[in-house]
Novice: 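Structure incoming, see below.
Here the structure is a predicted model, which is why all the values come from computation and not from measurement. Letters A, B, ... mirror the listed sequences (proteins, then strands); counts begin at 1.
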Amino acid sequence: MSDGSKMEYNFSLIEKKWQEDWKKNQVYKVENDFSRPKYYVLDMFPYPSGAGLHVGHPLGYIASDIYARYKRLKGFNVLHPMGYDAFGLPAEQYAIDHGIHPASSTEQNIENFRSQLDNIGFCYDWSREVRTCEPSFYKWTQWIFLQLFDSWYDHKKNKAEPIKKLQLIFQRNGNRECPCPGDGSIHFSEADWKSFDDRRQQEILMLYRLAYCGYGEVNWCEALGTVLANDEVINGVSERGGFPVVKKKLRQWYLRITEYADRLLDGLNKVDFSDAMKEMQSNWIGKSEGAEITFEVVSNDMLNSELKVYTTRPDTIFGVDFMVVAPEHELIESITTNSEKKSVETYIAYVKSRSERERMAEKKISGCFTGAYAINPFDKRKIPIWISEYVLAGYGTGAIMGVPCGDERDHKFAMHFNISITNIIGRYYTGETANPTKDAVLENSDFLNGMIMKDAIPVVNNELEKRGMGKRKVNYKMRDAAFSRQRYWGEPFPIVWKEGIAHALPVNELPVELPYLDDLKPGPGGEGPLANLDEWKRYQEGIREVNTMPGYAGSSWYFFRYMDPHNKEVFCDRNISDYWNQVDLYIGGTEHAVGHLLYSRMWTKVLFDLGFVSFDEPYKKLVNQGKIGGDSRLVYRVHGTNEFVSAGLKDIHHTDEIHVDVSIVDGIELDISEFKKLKPEYDDATFILENGKYYCGSRLEKMSKRYFNVVNPDDIVLKYGADTFRMYEMFLGPVEQDKPWDTKGIEGVHRFLKKFWRLFFDDIKGKVWTEEQPTDAEWKILHKTIKKIEEDTERFSFNTAVSAFMVCVNELHDLKCFKKPILEPLVIMLTPYAPHISEELFHILGNSTTVLNATFPDLKDQYLIESSKNYPVSVNGKVRTQLDIRLDATQEQVEKLIHSNEIIAKWLDGKSPKKIIYVRNKMINVVV
RNA sequence: GCCCAGAUGGCGGAAUUGGUAGACGCGUCAGACUCAAAAUCUGGUUUUCGCAAGAAAGUGCAGGUUCGAUUCCUGUUCUGGGCACCA
């Protein structure tokens, strides 16, 4: 390269040159070097959609890239990989609609993603790339699934254990010490167990397995031959075609994630996630502590059966005026009296006719009396048992005790059906609305009278347990996660069915490869497309599982595979996972709060329990990047005409607004000639202008093709370069925050980089940088900047770090400081933010090695001590002077400074200060 | 309805632990260079009053704590996000 071409900042040349160099020399390849301190920076890997990346997507990637490069400069061995979450529904839908096989559309999309990512200059170690749809990857997805299938949760040890151990326990003790998580009503002795045939034994084991197959309710549409999602069913008929849809119990695979509810909740205390994220996860888990109370039931004047209810407020037991059971409750048939039979049947038929949607949307009060009564276990009062859809079958026992004075829903129900209300909280209940307080003193409550409600809770619990009428109980909102899909584009299950019993395939037969299938129509009886492949289905004397795993299977463990991506023997070598350990920094969107993040946390805990890894929380710190919104541009057409009116004048006409492509608008000014070319109908459009210009309206909304507001990073990189793009995305605002994209603002950052370049080369003079020794003032600028950039990078405040660079360069320009001892550390500090220009300048300064091997510059304290401002104030009659001092000042330096400070010296008048108070590490109060 | 987060110039945002509010950038105004434009450089830019020096007000709203509050506390309004008959 000649000196002449170095004169001006030619970003496209520089970026191309260094990207090729990085690739050729495999600069970012990472070794599993156990002798070095490690740091693991991970992005949530993308789903390679056909739309490609817009400027919003790389935000998190840039932040993690900066941090990874920063940690590398700090001397860490940094694992920073990337891959693709490549299995899933959208690719399959696309295939069905467009006739392209998901394997090839996925391949194409990945290629496109890769070129877009490469453009931005990330430091990923691509030799560790993973794709969840590759057999070499999903072999281990299947293998981990088999570990889940072969395990159960031992509540005594509070961990997962191999199912073999459970079989031994059953042989010795039956299940009296291991209550069945799948069906609490199953009890058997060791003798019973031995008497069960193999089939029965396997059925029972299935109820314990962490990955299990059971029956769940789904929307089944016979005419379409498929299962439909809730939102595809409207008023009991299918959205497409209007065919009848019925609720049907179908065989489904599940993850028994509920067994990990407590540990998933507790684990939140030892990870660094945002409070909002922790909140979302703990709400989803929905732990509540209460009691399960058993009521005797009288029907047709005879003692009939028992009804269990779950309540978090056992203290209100004497305020119970009615019981409500869910319409699906199994007791309904047996307890309904002859006289009520008809109305109960009518009510249940009504409930069944309503879709989940209607039920949730309307929330109207409905219900029906069963004719039966429950007996209050303490005062033996008869309590009517009702049925209502506001009680959910799936939570607690599917039955509640109605306490109208304390619960608003119960109150509304009682008012609606004219049930008399017992007041147990005195003046706290006005008769108008319920009061859920725990602070009231109980009345009308037998042995609890005079007690404060919250104190009464343990008293009642003790009494219930003493009398055997109930017990303390913890409940969770979280349900087991459905794990099978009747779809093609996913991992096949390594399972074979023989006579109704699921068998794991031997590990040496993994992976079970997904057979190539052209026609992706569903199979018979609600099964997936794989069911159409008779030959593939048959496996010895059994039949393969034809469902596939859901999209979240591969993403639940992929972070392990990056550590040891090419291992053919295990999913990840234990020594290697011990070294890389937890992901130190995980960056991704909030949309995965309760899906991916919970599943991957659970899988890690299982692998930990079974001894395959040494930690049970996968992510040490999680940062959620915000979304970048599109800034749409709107034009206004006078209704019914072809005349467009400028935004400021739109209100005086009756107009329709139309989105216009942001690329033909400069700021808010429309390029009318470009606009006319958009559509033939616009060709003869007329315009009402303001000041001779057509101004567009604007609106912030989601970046989407539909709104013509998508900005492609490729276009930005082409115009301004990757370094400008990276820095601008960071400069936009805090990483965690949602913010709008504004292409105009990018000029400022671009100017900064050009100015940075001019510290080295002048347009006219050429080379300006020298080997000269800097002055103290110049050192101070450098050290101030090092400190600021280091602190800001460390605390993820990349926007203020970029500002600090700008300030520094402006100051150096003002001082005309082009000295190598100042410039070189600056280039190194800029590396994480703008890697290409840094490499080039570092190379020019005469270092033969790349910036990669450089270290983040050390601080020299002596240039940091300075006094800034001081404020004399009067506190409680004493005169104080406050003094701002650099953070790192030592006691000695402070005292020296105090005596040399003009104002303080005047106050002191030669005497010593009475007192020096360190208010903060930055503020010092001197009392005279 | 419940839970969480936020509200600062024309705009994006800064102020790290209570210490000169508005860093940095955009936009804009004025000037330099230029025949002109681009690029670059210099200066101004919270509001009101003032020729100016300067003065007063000012971080959604109303209070409170403090020598001092964008920051802490109480109440309130609005905006964004999450959950939603979970007993």
Novice: Distance check: side-chain N/O of A/N283 vs OP1/OP2 of B/C2, anything under 4.0 Å?
Specialist: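 For B/C2, OP1/OP2 do not have a side-chain N/O of A/N283 under 4.0 Å.
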
Novice: Measuring from the side chain of A/Y390 (C-beta onward, heavy atoms only), which nucleotide among B/C85, B/A14, B/C24 has the closest atom?
Specialist: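 Selected nucleotide (nearest to the side chain): B/C85.
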
Novice: Run the numbers on A/E292 and A/V309 for side chain to side chain contact (heavy atoms under 4.5 Å, CB included), then give the verdict.
Specialist: CA-CA 6 Å; A/E292 199 172 278; A/V309 302; over 6 Å; no

Novice: Working to the nearest 0.5 Å, report the span between CD of A/E729 and CD1 of A/I716.
Specialist: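 It is 9.0 Å, given to the nearest 0.5 Å.
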
Novice: In whole angstrom, give the distance that lies between atom CH2 of A/W284 and atom P of B/C3.
Specialist: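 Atom-to-atom, A/W284 to B/C3, this comes out as 20 Å.
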
Novice: How many Å lie between CZ on A/F761 and P on B/U40, as a whole number?
Specialist: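 It is 19 Å, rounded to the nearest whole Å.
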
Novice: Say whether A/N10 and A/S12, considering side chains only, have a donor N or O and an acceptor N or O under 3.5 Å apart.
Specialist: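 Yes.
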
Novice: Please identify which of these residues, A/Y833, A/F725, A/Y728, A/Y67, meets the side-chain contact (heavy atoms from CB on, under 4.5 Å) condition with A/I62.
Specialist: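 Running side-chain contact (heavy atoms from CB on, under 4.5 Å) over A/Y833, A/F725, A/Y728, A/Y67 with A/I62 returns exactly one hit, A/F725.
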
Novice: Below 4.0 angstrom from OP1 or OP2 of B/U16, is there any side-chain N or O of A/S797?
Specialist: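 Negative; the distance criterion is not met.
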
Novice: Base, sugar-phosphate alone, or nothing: which one does A/N810 contact when heavy atoms must sit under 4.0 Å apart?
Specialist: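 Since only primed, P, OP1 and OP2 atoms lie under 4.0 Å of A/N810, the category is sugar-phosphate.
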
Novice: Among B/C4, B/A15, B/G12, which is the nearest nucleotide to the side chain of A/F731?
Specialist: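 Selected nucleotide: B/G12.
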
Novice: Tell me the interatomic distance from A/N624, atom CG, to B/G82, atom C1', rounded to whole angstroms.
Specialist: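 It works out to 12 Å between those atoms.
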
Novice: What does A/D814 touch in the nucleic acid at a heavy-atom separation under 4.0 angstrom: a base, only the sugar-phosphate, or nothing?
Specialist: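 The answer is sugar-phosphate, as A/D814 gets under 4.0 Å only of primed atoms, P, OP1 or OP2.
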
Novice: What integer number of Å spans the C1' atoms of B/C72 and B/C85?
Specialist: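 Per the computed distance, 38 Å lies between those C1' atoms.
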
Novice: Quick one: sort the A/W386 and A/F417 rings into parallel, tilted or perpendicular, breaks at 30° and 60°.
Specialist: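 Plane angle between 30° and 60°, so tilted.
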
Novice: Taking pairing as Watson-Crick or G-U wobble with both contacts under 3.5 Å, can you name the mate of B/U45, or confirm there isn't one?
Specialist: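 Check on B/U45: paired to B/G27, both distances under 3.5 Å.
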
Novice: Which sits closer to the 5' end of RNA chain B, A/H813 or A/G748, going by the nucleotide each is nearest to?
Specialist: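 The residue closer to the strand's 5' end, by nearest nucleotide, is A/G748.
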
Novice: Heavy atoms under 4.0 Å, any strand shown: does A/D410 hit a base, just sugar-phosphate, or nothing?
Specialist: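 Answer is nothing: A/D410 stays at 4.0 Å or more from every strand.
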
Novice: Please state the C1' separation for the pair B/U76 and B/G25 - nearest whole angstrom.
Specialist: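 Result for the C1' pair: 35 Å, nearest Å.
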
Novice: Please state whether the phosphate of B/A39, meaning OP1 or OP2, lies under 4.0 angstrom from any side-chain nitrogen or oxygen of A/K754.
Specialist: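 No, because none of the side-chain N or O atoms of A/K754 sits under 4.0 Å from OP1 or OP2 of B/A39.
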
Novice: Determine the interatomic distance between C1' on B/U65 and the same-named atom on B/G80; round to the nearest Å.
Specialist: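 Taking atom C1' in both B/U65 and B/G80, they lie 31 Å apart.
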
Novice: What nucleotide among B/C26, B/A87, B/A14 has an atom nearest to a side-chain atom of A/N799?
Specialist: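 Taking heavy atoms from C-beta onward, the closest nucleotide is B/A14.
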
Novice: As a test of the definition: with a 90° window around 0 for syn, would you call B/G25 syn or anti?
Specialist: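 Anti, which is what one calls it when the glycosidic angle falls more than 90° from 0.
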
Novice: Over how many whole Å does the gap from A/I365 atom CD1 to B/A87 atom P extend?
Specialist: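 Atom CD1 in A/I365 sits about 19 Å away from atom P in B/A87.
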
Novice: Between A/Y395 and B/A87, does any side-chain N or O lie under 4.0 Å from OP1 or OP2?
Specialist: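 Checking A/Y395 against B/A87: at least one side-chain N or O falls below 4.0 Å of OP1 or OP2.
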
Novice: Sticking with atom C1', work out how far B/C3 lies from B/C61, rounded to a whole angstrom.
Specialist: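 Approximately 24 Å lies between the C1' atom of B/C3 and that of B/C61.
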
Novice: Checking side-chain polar atoms at under 3.5 Å, does A/Y347 have a donor or acceptor matched by the opposite partner on A/S366?
Specialist: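 Side chains of A/Y347 and A/S366: pair found under 3.5 Å.
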
Novice: Is A/E408 touching bases, backbone alone, or none of the nucleic acid, heavy atoms closer than 4.0 Å?
Specialist: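 The residue A/E408 makes no contact with any strand.
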
Novice: In whole Å, measure the gap between the P atoms of B/G75 and B/C2 for me.
Specialist: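 The answer is 14 Å between these two P atoms.
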
Novice: With respect to the phosphate group of B/A84, does any side-chain polar atom (N or O) of A/K477 fall under 4.0 Å of OP1 or OP2?
Specialist: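 It does not, given that no N or O in the side chain of A/K477 lies less than 4.0 Å from OP1 or OP2 of B/A84.
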
Novice: Choose from B/A15, B/A87, B/C41 the nucleotide whose nearest atom is closest to any side-chain atom of A/R758.
Specialist: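 The closest nucleotide is B/C41.
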
Novice: For A/T590, answer base if it contacts any base atom (sugar-phosphate contacts may also be present), sugar-phosphate if it contacts only those atoms, and nothing otherwise; contact means non-hydrogen atoms under 4.0 Å.
Specialist: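 Nothing, no nucleic acid heavy atom in range.
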
Novice: Roughly how many Å is it from CG in A/D792 to C1' in B/U16, rounded to a whole number?
Specialist: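 Rounded to whole Å, this separation is 8 Å.
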
Novice: Grab the CD-P distance between A/Q281 and B/C4 for me, whole Å please.
Specialist: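 Those two atoms, CD and P, are 17 Å apart.
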
Novice: Given the C1' atoms of B/U28 and B/C78, what is the spacing between them in whole Å?
Specialist: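 About 30 Å, rounded to a whole number of Å.
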
Novice: Salt bridge or not between A/K744 and A/D742? Use side-chain N to carboxylate O under 4.0 Å.
Specialist: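 No, this pair does not count.
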
Novice: Provide the closest heavy-atom pair for A/A399 versus A/V325 in the form atom of the first, atom of the second, distance.
Specialist: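 Looking at all heavy atoms of both residues, the closest pair is CB-CG1, 3.8 Å.
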
Novice: From C-beta outward on A/E279, which listed nucleotide comes closest to its side chain: B/C4, B/G13, B/C41?
Specialist: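 When the side chain of A/E279 is considered, B/C4 is the closest of B/C4, B/G13, B/C41.
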
Novice: According to a strict under-4.0 Å criterion, is A/Q737 in side-chain N/O contact with OP1 or OP2 of B/G13?
Specialist: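 Checking A/Q737 against B/G13: at least one side-chain N or O falls below 4.0 Å of OP1 or OP2.
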
Novice: Between B/C41, B/A23, B/G82, spot the one nearest the side chain of A/M280, thanks.
Specialist: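 Minimum distance to the A/M280 side chain belongs to B/G82.
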
Novice: Name the closest nucleotide to the A/S288 side chain, picking from B/A87, B/G82, B/G13.
Specialist: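 Minimum distance to the A/S288 side chain belongs to B/A87.
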
Novice: Is A/R751 near enough to B/A39 that one of its side-chain N or O atoms lies under 4.0 angstrom from OP1 or OP2?
Specialist: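 Checking A/R751 against B/A39: no side-chain N or O falls below 4.0 Å of OP1 or OP2.
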
Novice: Check every strand shown and say whether A/K278 touches a base, only sugar-phosphate, or nothing at a heavy-atom separation below 4.0 Å.
Specialist: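 No contact.
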
